[in-house]
Every structure is written in structure tokens, then in C-alpha cells.
Chemist: 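What follows is a single structure, and I will ask about it in a moment.
Reminder, nothing fancy here: chain letters follow the sequence lines and each chain counts from 1.
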Amino acid sequence: MAWWLFKTEPDTYGIDDLQREGVSPWEGIRNYQARNRLRDEIQCGDQVFIYHSSCKVPAIVGLAEVVQAAYPDPTQFDPASPYHDGKSDPQAPRWLRVDVAYRGHAGTPLTLQAVKTDPALAHLELVNRSRLSIQSVDEAAARHILDLLAPLTRHT
DNA sequence: GCCAACGTTGGC
DNA sequence: GCCAACGTTGGC
């Protein structure tokens with residue numbers, strides 16, 4: 001079981017939306033490195049920190065779990081979708097998505113500022129490779145983040 | 001809204 | 001396959 005951090009813009013799709021839906025596809029990933037991680041590394045049961053970017057207070061705001069491993073993202077073939085990719089071949093889909101299930105809100109969101117200033121977290125991709133939308137989190141850091149998020153409010 | 005960082009594209 | 005131009009991301 002591995003730990004990840006998925007970025008999302010709350011104005012588009014945030015932790016509240018995920019809570020409302022319970023389980024949701026994580027779609028619209030259009031970056032090869034992120035796609036490769038979805039394809040090669042992410043497994044059902046992996047834990048996912050949800051991070052809000054491009055907003056007033058960028059922060060880790062909750063937890064989710066991968067409940068369906070990678071499969072083709074249908075939005076790439078939908079001309080009406082903002083994620084449409086006319087160059088993707090239906091016989092060899094270029095983009096993938098996974099399904100995630102809501103696991104809880106952070107009692108206290110862990111702000112980017114706090115991540116940057118915490119020696120135990122300063123090595124995270126969130127700090128060093130901030131543009132990557134699918135980031136890996138080592139277990140020690142993950143445990144630390146969980147402590148800082150506590151209490152996690154779970155709604156099921 | 002600015003702009004630095006960085007990913008993608010395409011001419012050669 | 002290099003690399004300049006261009007587009008996007010995202011914190012500030």
C-alpha cells in the first residue's frame with residue numbers, strides 16, 4: 001500500500017465535491033509523468049492526500065483511497081469535454097484515470113506554508129516538483145502528515 | 001495579475 | 001534528437 005498526493009483546484013473539483021459523491025473518477029490528467037504513475041504504480045487500496053491548489057490557502061485538506069486501478073479516461077474522446085484530446089487513438093488510449101473514494105476531511109488543513117517549513121516534509125514533491133499533479137509521498141512523511149491532519153473527520 | 005518554473009511542440 | 005518558442009501551472 002502506497003501513499004500519494006493528488007492536486008486539484010477546489011473551484012473545479014474539491015474535497016467537498018468528493019465527499020458529496022463518495023466515489024469519483026479522478027480524470028483530466030494530461031501529463032505523461034502523472035499518467036505513467038497512474039498506469040505503473042498506483043494500486044487499488046493506495047491512500048491519497050487531497051491537496052487544493054490555485055486557491056486562497058493552498059493546503060492538504062483530506063484523505064481518499066484508490067478503489068479502482070487505472071483505466072482509459074473517456075473524457076479524452078469527448079469533444080465537449082475540456083479534457084478532450086483529438087490526437088488520442090481509441091485503440092490505444094493515451095490518458096488514464098483511477099477511481100477514488102472519500103475518506104475524510106482534515107480537522108486542520110495542512111497548508112503549503114506549513115509543509116515547506118516542516119523539516120520532516122520539506123523534501124516532498126509538493127515543495128520541489130510542485131507542478132506534478134500526481135505526487136508520491138513516502139510512508140514516514142505520510143504518517144507525519146496524518147498526525148498533523150488529525151482529527152480526520154470521516155463521513156461515509 | 002505577475003512571473004518563474006517547467007512541460008510540450010515543432011522546425012531543422 | 002536538439003533546442004527555441006510557446007503554453008500552462010500555481011504561488012504570491
Chemist: Heavy-atom contacts under 4.0 Å between residues 90-98 of chain A and DNA chain C, which residues?
Modeler: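 When residues 90-98 of chain A is checked for heavy atoms under 4.0 Å from DNA chain C, there are no hits whatsoever.
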Chemist: Taking a hydrophobic cluster as the set of Ile, Leu, Val, Met, Phe, Trp and Tyr residues connected by side-chain heavy atoms closer than 4.5 Å, whether directly or through intermediates, do Tyr32(A) and Trp4(A) fall within one such cluster?
Modeler: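 Tyr32(A) does not cluster with Trp4(A).
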Chemist: Is a donor from one side chain sitting under 3.5 angstrom from an acceptor on the other, for Arg30(A) and Ser88(A)?
Modeler: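 Their side chains do not contain a donor-acceptor pair, so the 3.5 Å distance test is not met.
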Chemist: Going by heavy atoms closer than 4.0 Å, what residues in residues 114-126 of chain A are next to DNA chain C?
Modeler: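 Of all residues in residues 114-126 of chain A, the ones placing a heavy atom under 4.0 Å from DNA chain C are Lys116(A).
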Chemist: Would Val98(A) and Tyr83(A) show up in the same hydrophobic cluster when neighbours are defined by side-chain heavy atoms closer than 4.5 Å?
Modeler: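 No, because Val98(A) and Tyr83(A) fall into different hydrophobic clusters, even though each may have its own neighbours under 4.5 Å.
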Chemist: Atom CG of Asp85(A) and atom C1' of dT8(B): how far apart are they, to the nearest Å?
Modeler: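 Atom CG in Asp85(A) sits about 12 Å away from atom C1' in dT8(B).
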Chemist: Nearest whole angstrom, please: distance from the C1' of dT9(C) to the OH of Tyr83(A).
Modeler: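 My rounded result for the distance is 14 Å.
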Chemist: Treating primed atoms plus P, OP1 and OP2 as sugar-phosphate and everything else as base, which nucleotides of nucleotides 1-7 of chain B get B, S or - for protein heavy atoms under 4.0 Å?
Modeler: ----BBS
Chemist: Considering just the side-chain nitrogens and oxygens of Tyr51(A), establish if one lies under 4.0 Å of OP1 or OP2 belonging to dT9(C).
Modeler: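 Checking Tyr51(A) against dT9(C): no side-chain N or O falls below 4.0 Å of OP1 or OP2.
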Chemist: Could you tabulate the donor-acceptor pairs under 3.5 Å formed by side-chain atoms of residues 48-69 of chain A, not counting sequence neighbours?
Modeler:
{"unit_1": "His52(A)", "atom_1": "NE2", "unit_2": "Ile15(A)", "atom_2": "N", "d": "3.1"}
{"unit_1": "Glu65(A)", "atom_1": "OE1", "unit_2": "Arg103(A)", "atom_2": "NE", "d": "3.0"}
{"unit_1": "Glu65(A)", "atom_1": "OE1", "unit_2": "Arg103(A)", "atom_2": "NH2", "d": "3.4"}

Chemist: Donor-acceptor pair, Ser24(A) side chain versus Leu18(A) backbone, under 3.5 Å?
Modeler: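 Side chain of Ser24(A) to backbone of Leu18(A), a donor-acceptor pair under 3.5 Å: no, none is there.
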Chemist: Is there a continuous path of hydrophobic side-chain contacts, each under 4.5 Å between heavy atoms, that joins Ile145(A) to Trp3(A)?
Modeler: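 Yes.
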Chemist: Answer yes or no: is there a donor N or O on one side and an acceptor on the other, between the side chain of Asp46(A) and the main chain of Ala2(A), under 3.5 Å?
Modeler: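 Yes.
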Chemist: Please list, one pair per line, the donor and acceptor atoms closer than 3.5 Å that link side chains of residues 109-122 of chain A to other protein atoms, with sequence neighbours excluded.
Modeler:
{"unit_1": "Thr111(A)", "atom_1": "OG1", "unit_2": "Ala114(A)", "atom_2": "N", "d": "3.0"}
{"unit_1": "Thr117(A)", "atom_1": "OG1", "unit_2": "Gln113(A)", "atom_2": "O", "d": "2.9"}
{"unit_1": "Thr117(A)", "atom_1": "OG1", "unit_2": "Ala114(A)", "atom_2": "O", "d": "3.3"}
{"unit_1": "Asp118(A)", "atom_1": "OD1", "unit_2": "Ala120(A)", "atom_2": "N", "d": "2.8"}
{"unit_1": "Asp118(A)", "atom_1": "OD2", "unit_2": "His144(A)", "atom_2": "NE2", "d": "2.7"}

Chemist: Would you mind classifying the nucleic acid contact of Ser130(A) as base, sugar-phosphate or nothing, using non-hydrogen atoms under 4.0 angstrom?
Modeler: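 Touches sugar-phosphate only.
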Chemist: Not counting sequence neighbours, list each pair that qualifies as a side-chain hydrogen bond (donor to acceptor under 3.5 Å, both in side chains) and has a residue in residues 133-143 of chain A.
Modeler: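 Applying side-chain hydrogen bond (donor to acceptor under 3.5 Å, both in side chains) to every pair that reaches into residues 133-143 of chain A, excluding sequence neighbours, yields His123(A)-Asp138(A), Glu139(A)-Arg143(A).
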Chemist: If only atom types and distance count, is the side chain of Arg35(A) paired as donor or acceptor with the main-chain N or O of Arg94(A) below 3.5 Å?
Modeler: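 Looks like yes, one N/O pair under 3.5 Å.
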